[in-house]
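Below is one structure, written out as structure tokens, with a few remarks after it.
In this text the structure is predicted, and so the values were computed from the model without any measurement.
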Amino acid sequence: MLAQRTLALLLPIVLILAVASPVPTLQSNGSDFIRASCGGTLYPDVCCSSLSPYAGSVRQSPGQLARAAIAVSLASAQKMAAYLADLSRRHAADPRAERRAASAALGDCLANMGDAVGEMRGSLKQMRRLADVDASQEGFRLQMSNVQTWMSAALTDEDTCTDGFEDVPEGEVKSAVCDRAGEVKKVTSNALALVNSYVNKEAP
């Protein structure tokens, strides 16, 4: 009888401790993994903030992390391309000379960003097909070499976009485009770094 009473008294305490004690979850493990992986990028704060929503699906997989980073970069570039297209349309009809210079730079930037979008789409498609390719290191490296090349080309295209504004007079348009493009370049740079890290870990 005493043993039963003692057990009855202890049970609520055990339950309280079980609820209060932090239990590691896939989300927390993924967040820690993302934070550690982002430490190897040029923009770790941007990396963590942009990829933390994917912690549950990334878990501790370098491949899933690289794929998520490419998806984030692609979405950012697509949004930038839409912004440039709208801005370009509004400037095309403006007859002022300073607007014409900006309009030409906008058109070139839009083309560059469109190329970057295409390259990142190809990269993401290649990442999704990895499970279907030859499981050998040679097969893996061949597929990932394409991803590395395309992501590097996308970053170059984004750089070229802002380079085209060097001869455009300082103003609201130049500042807005270069600032926004700069943020796109950060996530693309991070994605490329995580892709390279994935390749090095999986096929040393």
Side-chain angles (χ1 to χ4, degrees), residues 26 29-84 108-164 178 180-204:
L26 294 177
N29 289 341
S31 296
D32 292 342
F33 175 70
I34 288 172
R35 191 177 301 109
S37 300
C38 284
T41 67
L42 290 179
Y43 310 100
D45 291 341
V46 173
C47 181
C48 287
S49 62
S50 64
L51 293 174
S52 58
Y54 298 88
S57 59
V58 165
R59 300 184 185 182
Q60 297 191 43
S61 167
Q64 289 293 338
L65 180 59
R67 179 172 162 178
I70 294 173
V72 167
S73 183
L74 173 58
S76 181
Q78 287 174 321
K79 186 177 180 180
M80 182 67 187
Y83 167 76
L84 289 168
D108 291 340
C109 186
L110 176 57
N112 293 137
M113 199 60 63
D115 290 341
V117 167
E119 287 148 356
M120 284 187 274
R121 278 178 177 159
S123 297
L124 193 56
K125 183 178 180 180
Q126 193 77 77
M127 291 292 293
R128 288 170 176 163
R129 292 177 54 194
L130 275 178
D132 301 326
V133 302
D134 182 2
S136 68
Q137 286 191 0
E138 183 179 355
F140 172 82
R141 281 194 174 276
L142 178 61
Q143 299 299 321
M144 289 306 299
S145 176
N146 292 332
V147 177
Q148 290 172 301
T149 298
W150 289 331
M151 291 304 296
S152 180
L155 186 57
T156 299
D157 283 325
E158 292 166 1
D159 280 329
T160 304
C161 166
T162 52
D163 289 345
C178 290
R180 289 183 182 226
E183 293 305 308
V184 177
K185 287 190 282 186
K186 287 179 182 179
V187 292
T188 303
S189 170
N190 288 342
L192 177 58
L194 293 173
V195 166
N196 290 338
S197 176
Y198 173 46
V199 173
N200 292 334
K201 287 177 181 177
E202 293 298 317

First locate atom CD of Gln64, then atom CD1 of Ile34, and finally report the distance between them rounded to the nearest 0.5 Å.
11.0 Å

With Leu194 as partner, the option from Cys47, Pro62, Ser73 fulfilling side-chain contact (heavy atoms from CB on, under 4.5 Å) is Cys47

Can a donor-acceptor pair be found, under 3.5 Å and without considering hydrogens, that links the side chain of Glu119 to the backbone of Ala154?
yes

Is it the case that the side chains of Asn112 and Glu158 hold a donor-acceptor pair, with the cut-off being a distance below 3.5 Å and no angle test?
no

Going by heavy atoms in the side chains, are Arg121 and Val117 under 4.5 Å from each other?
yes

Less than 4.5 Å apart, side chain to side chain, heavy atoms only: is that true for Ile70 and Val147?
yes

Lys201 side chain reached by Ser197 side chain, heavy atoms, under 4.5 Å:
yes

Quick one, Tyr198 and Leu65 - any side-chain contact, counting heavy atoms below 4.5 Å?
no

For Pro53 versus Ser49, what's the shortest heavy-atom pair and its separation?
CD-O, 3.7 Å

In short, Cys38 meets Pro44 closest at the heavy-atom pair O-CB, 3.3 Å

Arg67 side, atom CZ; Ser123 side, atom OG - distance, nearest 0.5 Å:
13.0 Å

Hey, mind stepping through Ser152 and Leu192 against side-chain contact (heavy atoms from CB on, under 4.5 Å) and telling me if it holds?
CA-CA 7 Å; Ser152 180; Leu192 177 58; 4.3 Å; yes

Could you give me the CA-CA distance, side-chain angles and deciding distance for Thr162 and Lys185, then say whether side-chain contact (heavy atoms from CB on, under 4.5 Å) is met?
CA-CA 10 Å; Thr162 52; Lys185 287 190 282 186; 3.1 Å; yes

What's the separation between atom CD in Gln78 and atom CE in Met113, rounded to the nearest 0.5 Å?
11.5 Å

For side chain to side chain donor-acceptor pair (under 3.5 Å), just list the numbers for Ser50 and Lys186, CA-CA rounded to whole Å, side-chain angles, deciding distance to a tenth of an Å, and then say yes or no.
CA-CA 11 Å; Ser50 64; Lys186 287 179 182 179; over 6 Å; no

For the student: nearest non-hydrogen atoms of Met127 and Gly63, plus distance
CE-O, 3.6 Å

Of all heavy-atom pairs linking Ser76 and Val184, the shortest is OG-CG2, 3.4 Å

Atom pair CE/CG of Met120 and Leu155 - distance to nearest 0.5 Å
9.0 Å

Does Arg180 make a cation-pi contact with Tyr83 (under 6.0 Å, within 45 degrees of the axis)?
yes

With rounding to the nearest 0.5 angstrom, report the OG1 to CG distance, Thr156 to Asp115.
11.5 Å

Distance check, rounded to the nearest 0.5 Å: Gln60 atom CD versus Ser31 atom OG?
10.5 Å

If you define the side chain from C-beta out and look only at heavy atoms, does anything of Tyr54 sit under 4.5 Å from Val72?
yes

Cys48 backbone acceptor or donor facing Ser52 side chain under 3.5 Å
yes

Start with the C-alpha gap between Val195 and Met144, add the side-chain angles, then the distance that decides, and say whether side-chain contact (heavy atoms from CB on, under 4.5 Å) holds.
CA-CA 8 Å; Val195 166; Met144 289 306 299; 3.7 Å; yes

Please step through side-chain contact (heavy atoms from CB on, under 4.5 Å) for the pair Gln126 and Trp150, ending with a clear verdict.
CA-CA 10 Å; Gln126 193 77 77; Trp150 289 331; 3.7 Å; yes

